Amino acid sequence: MAFYSDEIIEEVRSRNDIVDVISGYVRLQKKGSTYFGLCPFHNEKTPSFSVSQNKQMYYCFGCGAGGNVLTFVMQYENFTFQEAMQSLADRAGITLPKREMTEAQRREADRRTKILEINKVAAEYFYRLLRSPQGRHALEYFEKRELTAGTMQHFGLGYANKYSNDLYQYLKKKGYSDELLKYSGLVTIDEARGGYDKFWNRAMFPIMDANHRVIGFGGRVMGDGEPKYLNSPETVVFDKSRNLYGLNFARASRRQGILLCEGYMDVIALHQAGFDNAVAALGTAFTPGHAALLKRYTKEVYLTFDSDGAGIRAALRAIPILKEAGLSAKVIDMQPYKDPDEFIKALGAEAYQERIDAAENSFLFEIRMLERDYDLSDPESKTAFFRKVAERLLEFREPLERENYIEAVTRRYGIGFDQLRSMVNRAGARGGIAAERKPLKSGVHENKKKEDGMKKSQRLLLTWLVEDPALFERIGQYIGPEDFTEELYRQTAQIVFDQHARGEINPAQIISLFPDEEQQREIAQIFHARIGPVEEAAERGKALNETVRRVKQNSIEHRSKCLDPTDVAGLQKIIEDRKSLAKLHISID
């Protein structure tokens, strides 16, 4: 972000009206001064996605997504900041300054662009070969898997010829050098053999990033060769641990959650059956990078791995990674069939939807898999099983959540609730955990609640100031930026007060000043606090007075706690503020 000046960023942002831009992605309906639509970042039936033309900001009251026009394009298109700037600059007819790069950076950028170009050319070549006489047996393979012509076209499926240097010769004729082809992952350059293809005599699956750019390939051998499936090696554009097959389509799905599969054919079969929210890892184990990528698009993941031992082990490895990323995970039972492709061919899409609806909570799935290591008909083994379950239940740090899971386990296994809870507490005591997690009488939880309430009051006050700048004159003698005790809120308040002093409040510009995505979301939330149905002036005045009083009182308490005993001026200021607070009265007549 630092590459572009604040002036250039603001020009691009201000020349792209947020309602016009978002209307190209989301159907919006005007209600009062705000536009509403279905949120593109989570599945919903009732519109909670708001777009404010006055503030030039969007905010979803359902999932919390929010920002300005730049952050919307970044989130929706999965663009980098530079890509979003370029896209919106092109839309507005603005020429961006050329980025100054070192010679090494320029070479790397050129190589990246060229490799993406080579991948696209290769994908088009494979696509044509599949539909030629040479690709007949690969086409028959796809048809035998019951893929329609439309599905094959949708996923750009192709065929790599049986000659081991076919693609190499084709790309050389297109003018690409050996040096560049070596870095593409499509060709191996050998001094003795010359250039030969990575993929030959294989049914080809182009792998695309979230922006539909071909970044690599997967290939299934035609015949008995090994390996059965082969993927592109890592390149400057292809990182297996940070890309997912099918995500370019799944990210725009209106279905709930994301279906996480094991293989390409499962993804394709699910999409063909109408489940366009299916993705798969790229021939590698599921990683935190994959989880972080999924978190951009969903809060809930359905694991639909193979029902054999390898698939179960893969699911057990993926669940903690998803949980660590803050994602909810459920497991789909496909028995007696091996995978989604087999299941849908046998029972159809409606039956698969029923399995999704009945998907098992990931923790209960883990416990059920754990059960297989114990003989529950043997008292000693059964006791050992419940001890292990008790240890696992300690993973839930929130007491209420832990109690809910204790209840779920007791329902499934018939053990008494109090018995299992006692075992959990003893297990926690042995590890020094349970005492730490009990509700404390010291008021820690009450303080947390108070802190959350104070954040809400500070958000509310900033929203009011932005929506009604006349309030600055009325509250100025009581409240300043320093009274916002949350660090991000204080920074935001300082900018808002400075903007007001210059005669222009521009909340959308403020978002562009913070590079962190989470900060941008929180700032959008700050400016979209709901003040409730207080239409009457007297009610609004009362609510404003109460909010100002809470924020100021909290500021005084905060400064009192942090005050250096030798700071006479600071003490005097606190005394003056307390006197002023006692006389507080703000009229909005």
Side-chain angles (χ1 to χ4, degrees), residues 1-2 6 9-10 13 18 22 34 36 39-42 44 48-52 54-76 78-81 84 291-299 324-328 447-467 479-500 505-532 547-548 550-551 554-555 558:
M1 185 180 289
D6 291 345
I9 294 170
E10 180 57 14
R13 188 205 60 74
I18 195 165
I22 293 182
T34 305
F36 283 89
C39 180
F41 304 116
H42 81 288
E44 62 177 9
S48 62
F49 182 78
S50 67
V51 184
S52 169
N54 293 334
K55 298 177 188 174
Q56 285 294 300
M57 295 171 68
Y58 68 94
Y59 184 73
C60 177
F61 292 98
C63 70
N68 59 18
V69 70
L70 280 159
T71 51
F72 178 85
V73 172
M74 288 170 67
Q75 286 183 320
Y76 193 95
N78 195 29
F79 280 174
T80 64
F81 178 76
L293 185 59
L294 284 175
K295 194 175 181 181
R296 295 184 187 180
Y297 306 105
T298 189
K299 293 182 178 179
E324 184 66 26
L327 291 163
S328 169
N447 287 342
K448 182 70 167 72
K449 184 176 180 181
K450 180 180 177 183
E451 178 188 328
D452 292 344
M454 184 48 56
K455 289 179 73 171
K456 184 177 179 180
S457 294
Q458 293 180 21
R459 285 198 301 271
L460 189 56
L461 189 52
L462 283 168
T463 299
W464 255 324
L465 289 170
V466 166
E467 293 184 350
I479 294 288
E482 69 280 358
D483 292 311
F484 293 82
T485 52
E486 294 289 329
E487 178 59 25
L488 182 63
Y489 291 30
R490 187 196 60 73
Q491 293 177 42
T492 304
Q494 185 65 63
I495 298 169
V496 170
F497 275 74
D498 290 346
Q499 286 183 341
H500 176 259
I505 294 180
N506 188 344
Q509 183 187 32
I510 296 173
I511 288 176
S512 297
L513 301 177
F514 291 84
D516 182 75
E517 186 177 332
E518 285 303 314
Q519 288 181 321
Q520 292 173 350
R521 287 168 66 99
E522 191 165 0
I523 291 168
Q525 183 186 30
I526 288 172
F527 293 129
H528 285 83
R530 284 178 163 170
I531 59 179
T547 301
V548 170
R550 281 196 299 268
V551 171
N554 178 71
S555 171
H558 180 75

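In this text the structure is predicted, and so the values were computed from the model without any measurement.
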I'd like to know whether Q458 forms a side-chain hydrogen bond (donor to acceptor under 3.5 Å, both in side chains) with T485, so could you lay out the CA-CA distance, the side-chain angles of the two residues, the decisive distance to 0.1 Å, and finally the verdict. CA-CA 9 Å; Q458 293 180 21; T485 52; 3.0 Å; yes
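- Across I22 and Y58, no two heavy atoms sit closer than the pair CD1-CB, 3.9 Å.
- Remark: H528 NE2 to C60 SG distance equals 11.0 Å, nearest 0.5 Å.
- Across all non-hydrogen atoms, the minimal contact from P507 to V466 is CG-CG1, 3.8 Å.
- Listed here is the closest heavy atom pair of I523 and F514: CD1-CD1, 3.2 Å.
- Put simply, the side chain of N554 never gets that close to the backbone of V551: no donor and acceptor are under 3.5 Å apart.
- Rounding to the nearest 0.5 angstrom, the gap separating the CZ atom in R490 from the OG atom in S555 is 11.5 Å.
- A donor-acceptor pair under 3.5 Å is absent between the side-chain atoms of Q520 and the main chain of G67, judged by distance alone.
- Applying the salt bridge (charged side-chain N to carboxylate O under 4.0 Å, His left out) criterion to E518, with sequence neighbours excluded, gives no partner residue.
- Here the side chains of M454 and H558 are not in contact, with every heavy-atom distance at 4.5 Å or above.
- Qualifying salt bridge (charged side-chain N to carboxylate O under 4.0 Å, His left out) partners for E10, counting only residues two or more places apart in sequence or in other chains: R13.
- Distance check, rounded to the nearest 0.5 Å: CZ of F497 to CD1 of I479 gives 7.5 Å.
- Listed by first then second residue, pairs satisfying salt bridge (Lys or Arg N to Asp or Glu O under 4.0 Å) with a partner in residues 54-70 read K55-E467, not counting sequence neighbours.
- Looking at heavy atoms from C-beta onward, Q75 lies in side-chain contact with R521 at the 4.5 angstrom threshold.
- The distance from atom CD of Q494 to atom CD1 of I510, rounded to the nearest 0.5 Å, is 11.0 Å.
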Please walk me through it: do E522 and E486 pass side chain to side chain contact (heavy atoms under 4.5 Å, CB included)? CA-CA 12 Å; E522 191 165 0; E486 294 289 329; 5.8 Å; no
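- For the atom pair CE (M57) and CD (Q509), the distance works out to 12.0 Å, reported to the nearest 0.5 Å.
- Of the options V496, I511, L465, a side chain to side chain contact (heavy atoms under 4.5 Å, CB included) to F527 is made by V496 and by none of the others.
- Nearest heavy atoms, A493 versus F484: CB-CD1, 3.5 Å.
- The line from CZ of F49 to SG of C39 is 6.0 Å long, rounded to the nearest 0.5 Å.
- Counting heavy atoms from C-beta outward, Y59 and S52 have side chains that stay 4.5 Å or more apart.
- In this structure, F72 and V51 have side chains that are not in contact, with every pair of non-hydrogen atoms separated by 4.5 Å or more.
- A distance-only check finds no donor-acceptor pair linking the side chain of Q56 to the backbone of N68 [under 3.5 Å].
- The environment of CD in E324 is sparse: at most 12 heavy-atom neighbours from other residues, nucleotides or ligands sit within 6.0 Å.
- When all heavy atoms are compared, the tightest approach of A291 to L327 is O-CD1, 3.6 Å.
- F81 places a side-chain heavy atom less than 4.5 Å from the side chain of I9.
- Within the 3.5 Å criterion, the main-chain N or O of I526 finds a donor-acceptor partner in the side chain of T463.
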